[in-house]
Amino acid sequence: MRSTSRAFLSLYLRLREAYGPQGWWPLPSMAGARGFDSGGYHRGSYRWPRSPEGRFEIILGAILTQNTAWTNVEKALERLRRAGLVLPDQFLQVPARSLARFIRSSGYFNQKAKKLKAAARVFSQPGFLEPRSAPSREDLLSLWGVGRETADSILLYAFGRPVFVVDAYTRRIFGRLGVFDGTESYDQVQQKFHDLLPARPRIYNEMHALIVEHAKQHCRATPVCSGCPVSLSCRYFSASS
DNA sequence: CGCCAGGTGGGAT
DNA sequence: ATCCCACATGGC
């Protein structure tokens with residue numbers, strides 16, 4: 001257990017060294033603002049959003065990015081923001097049909113419009129956008145359109161809860177590394193990270209962001225192993241070289 | 001072109 | 001419980 005934990009930490013540090021700080025979660029509304037880059041990523045040390053608008057933007061993004069490239073999500077968030085839709089109450093005033101038009105670029109727009117309405121209904125309740133009194137994981141999972149990954153993204157990135165986010169990239173990368181065989185459930189994969197990493201939102205945040213970056217740069221659907229920072233501990237690389 | 005992208009819900013088996 | 005499919009745009 002201890003040695004495996006050290007291996008995980010070592011992997012984390014390797015990725016951290018290779019890709020640098022990631023500054024997640026991106027807030028497109030903050031693009032170009034002081035301390036943010038043109039994509040709305042933080043520069044330097046990350047801080048969780050202090051405003052309800054910021055936290056709700058993360059919630060919107062977490063839903064809109066389901067099985068969708070982030071660039072398409074950025075456009076949708078931009079359209080929503082320009083329409084003045086930044087807080088839950090405002091979403092409740094707008095029919096799903098209209099919402100769907102704003103978020104067209106993010107794909108699955110009819111479904112996602114419905115999901116945004118469901119989220120708006122919950123987060124319009126007093127205090128629900130405050131970290132002190134945010135909804136539980138169970139509350140979030142009961143929402144139509146919010147599954148485990150989306151719930152955990154909201155808990156970690158909007159509210160700073162120590163919950164590790166498991167996505168398709170996590171399974172792909174750690175599957176190739178030889179840690180998982182592909183049969184594990186979401187909760188089993190998550191449990192492994194909870195067991196082997198320090199239970200700190202900071203670490204979970206950065207690890208997940210690094211996983212996404214690594215999946216994009218090297219551990220793609222068709223792997224690009226040349227220059228991979230963790231190839232030496234990778235079963236797939238060993239087997240294919 | 002076809003594949004892929006920070007999934008989820010619902011229905012069939 | 002698990003498998004299969006619909007949902008949809010945009011970039012490479």
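Convention: sequence-line order gives letters A, B, ...; per-chain numbering from 1.
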key: G145(A) or R220(A), whichever maps to the more 5' nucleotide of DNA chain B   = R220(A)

message = Is the ring pair H208(A)/W24(A) parallel, tilted or perpendicular, if the boundaries are 30 and 60 degrees?
response = perpendicular

message = For the backbone of F237(A) and the side chain of R176(A), can you confirm whether one donor and one acceptor N or O come within less than 3.5 Å of each other?
response = no

inquiry  = Between S106(A) and V73(A) (side chain of the first, backbone of the second, donor and acceptor by atom type, cut-off under 3.5 Å), is there such a pair?
reply    = no

Interface with DNA chain B, restricted to residues 203-218 of chain A and to heavy atoms under 4.0 Å = V212(A), K216(A)

request  = Verify, without hydrogens or angle tests, whether Q188(A) (side chain) and E184(A) (backbone) share a donor-acceptor contact under 3.5 angstrom.
outcome  = no

inquiry  = Quick check against the 3.5 Å criterion: does H194(A) have a side-chain atom that pairs as donor or acceptor with the backbone of F164(A)?
reply    = yes

remark   = Atom CG of L64(A) and atom P of dT8(B) are separated, to the nearest Å, by 13 Å

note = Separation of dA8(C) atom P from N72(A) atom CG, nearest Å, is 14 Å

query = Do Y204(A) and V163(A) touch side chain to side chain, with heavy atoms closer than 4.5 Å?
reply = no

task = Measure up the H214(A) and H218(A) rings against each other and bin them: parallel (under 30°), tilted (30 to 60°), perpendicular (over 60°).
result = tilted

ask   = Given L129(A), which of P135(A), S124(A), P52(A) fulfils the side-chain contact (heavy atoms from CB on, under 4.5 Å) condition?
value = P52(A)

ask   = Checking side chain to side chain donor-acceptor pair (under 3.5 Å) against S29(A), which of E78(A), E57(A), R81(A) comes through?
value = E57(A)

ask   = Are D187(A) and R137(A) close enough, and set up right, to give a salt bridge (Lys or Arg N to Asp or Glu O under 4.0 Å), and what steps lead you there?
value = CA-CA 13 Å; D187(A) 292 321; R137(A) 187 176 199 255; 3.6 Å; yes

ask   = Do D139(A) and S142(A) get their side chains close enough for a donor-acceptor pair, meaning under 3.5 Å?
value = no

Might you list the N or O atoms of the protein lying below 3.5 Å from N or O atoms in nucleotides 10-13 of chain B, with each pair's distance?
residue : atom : partner : partner atom : Å
dG10(B) : OP1  : W144(A) : NE1          : 3.1

Pair R14(A) + E17(A): basic N to acidic O under 4.0 Å = no

Selection: residues 171-180 of chain A, any non-hydrogen atom under 4.0 Å of DNA chain B = R172(A)

Length of the line joining L140(A):CG and dT8(B):P, which is rounded to integer Å = 12 Å

message = Quick check against the 3.5 Å criterion: does W48(A) have a side-chain atom that pairs as donor or acceptor with the backbone of L156(A)?
response = yes

message = Here's a test of your reading of the structure: between W70(A) and V146(A), which maps to the more 5' nucleotide of DNA chain B?
response = W70(A)

task = Rounded to the nearest angstrom, tell me the gap between atom CG in N67(A) and atom C1' in dG9(B).
result = 13 Å

Inter-nucleotide P distance (dA8(C), dC1(B)), Å rounded = 23 Å

remark   = Within residues 40-50 of chain A, the residues having a heavy atom closer than 4.0 Å to DNA chain C are none

key: Value in whole Å for how far the C1' atom of dA8(C) lies from CD of Q111(A)   = 9 Å

ask   = So what does V73(A) touch, heavy atoms closer than 4.0 Å: a base, only the sugar-phosphate, or nothing?
value = nothing

note = Contact check, residues 100-109 of chain A vs DNA chain C, heavy-atom distance under 4.0 Å, returns R104(A), S105(A), G107(A), Y108(A), F109(A)

ask   = Side chains of Q66(A) and T150(A): is there a donor and an acceptor less than 3.5 Å apart?
value = yes

inquiry  = Under a 3.5 Å distance rule, please check whether R235(A) uses its side chain to pair with a backbone N or O of V179(A) as donor and acceptor.
reply    = no

key: Sidechain N-carboxylate O distance under 4.0 Å for E130(A), R55(A)   = yes

task = Could you check how far CZ of R79(A) sits from C1' of dT9(C), rounded to whole Å?
result = 12 Å

inquiry  = Using every non-hydrogen atom in the two residues, find where D181(A) and T183(A) come nearest and quote the distance to one decimal.
reply    = OD1-OG1, 2.6 Å

query = Do other residues, nucleotides or ligands put more than 12 heavy atoms under 6.0 Å from R43(A) CZ?
reply = yes

note = In whole angstroms, the gap separating P of dG9(B) from CD1 of I63(A) amounts to 10 Å

ask   = For dA8(C), does OP1 or OP2 lie under 4.0 Å from any side-chain N or O of N110(A)?
value = yes

query = Does anything in residues 148-160 of chain A reach DNA chain B, meaning a heavy atom under 4.0 Å, and if so which residues?
reply = R148(A), E149(A), T150(A)

request  = Give one of base, sugar-phosphate or nothing for K112(A), where a contact means two heavy atoms less than 4.0 Å apart.
outcome  = nothing

message = If I take atom CD in residue E74(A) and atom P in nucleotide dA5(B), what distance separates them, rounded to the nearest angstrom?
response = 17 Å

request  = Please work out which of the three classes, parallel, tilted or perpendicular, describes the rings of F180(A) and F193(A), given edges at 30° and 60°.
outcome  = tilted

